[in-house]
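To keep things clear, I will list the structure first and then write my remarks on it.
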Amino acid sequence: QVQLVESGGGLVQAGASLRLSCAASGRTFSSNVMGWFRQAPGKERQFVAAIRWSGDNGYYAESVKGRFTISRDNAKNTVYLQMNSLKPEDTAVYSCAAGVDYTGYYYSSMSTYNYWGQGTQVTVSS
């Protein structure tokens with residue numbers, strides 16, 4: 001089992017920044033990719049960003065590319081999502097997830113991830 005706990009959400013104005021954290025514990029070695037997803041009210045959950053525990057490259061949804069940065073601290077088993085230039089449409093519950101993807105092709109698919117955190121609310125006012 002892998003336990004994931006997100007933190008760092010909040011209410012901010014458009015243009016502001018937030019940094020989300022996802023602390024992983026348990027059998028973290030059973031996963032090789034960490035992802036962030038978000039779900040706005042009345043909408044489906046969507047992929048935001050992903051990163052491998054062993055690599056530096058991040059993968060991003062087009063809607064956040066250039067504004068969001070995913071990073072990791074292996075020593076702390078923590079993944080971060082730095083969100084800059086926030087927009088009202090970024091408002092959602094953000095969840096981190098742990099999974100396995102050896103191909104590099106499925107990091108944006110929810111089916112890649114078998115462990116999920118409870119989420120943290122991000123609200124961006126206009």
Minimum heavy-atom separation for [X] to [Y], with atom names?
| X | Y | answer |
| --- | --- | --- |
| A23 | T78 | CA-OG1, 4.0 Å |
| A40 | A92 | N-CB, 3.8 Å |
| G119 | E6 | N-OE1, 2.9 Å |
| V124 | K87 | CB-O, 3.3 Å |
| Y113 | G99 | CD2-N, 3.6 Å |

So, [X] versus [Y]: side-chain donor-acceptor pair below 3.5 Å or not?
| X | Y | value |
| --- | --- | --- |
| E89 | T91 | no |
| R27 | Q1 | no |
| S17 | N84 | yes |

Flag the pair [X] / [Y] as yes when at least one side-chain heavy-atom distance between them is below 4.5 Å, and no otherwise.
| X | Y | answer |
| --- | --- | --- |
| R38 | Q46 | yes |
| M34 | C22 | yes |
| W36 | M83 | no |
| L18 | V122 | yes |
| V12 | T123 | no |

May I ask you to decide if [Y]'s main-chain N or O and [X]'s side chain share a donor-acceptor pair within less than 3.5 Å?
| X | Y | value |
| --- | --- | --- |
| Q39 | V93 | no |
| S63 | A61 | no |
| D101 | N32 | no |
| T120 | G9 | yes |
| N74 | W53 | yes |
| R72 | R52 | yes |

Who pairs with R19 by salt bridge (Lys or Arg N to Asp or Glu O under 4.0 Å), at least two apart in sequence or on another chain?
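Partners of R19 by the salt bridge (Lys or Arg N to Asp or Glu O under 4.0 Å) criterion come out as none, since no residue qualifies.
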
Would you please test F37 and E44 for side chain to side chain contact (heavy atoms under 4.5 Å, CB included) and show each step?
CA-CA 10 Å; F37 289 76; E44 294 185 352; over 6 Å; no

Please report the interatomic distance [atom1]([X]) to [atom2]([Y]), rounded to the nearest 0.5 Å.
| X | Y | atom1 | atom2 | result |
| --- | --- | --- | --- | --- |
| Y115 | S30 | OH | OG | 5.0 Å |
| L4 | S21 | CG | OG | 12.5 Å |
| S126 | Q13 | OG | CD | 9.0 Å |
| I70 | L81 | CD1 | CG | 6.0 Å |

Can you pull the ring pair (Phe, Tyr, Trp, His ring centres under 6.0 Å) pairs that have at least one residue in residues 60-92, sequence neighbours excluded?
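For residues 60-92: none.
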
Sequence neighbours excluded - ring pair (Phe, Tyr, Trp, His ring centres under 6.0 Å) pairs with any residue from residues 87-112
F47-Y107, Y59-Y107

Any chain of hydrophobic side-chain contacts (each under 4.5 Å) joining V79 to V64?
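Looking at the clustering, V64 is in the same group as V79.
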
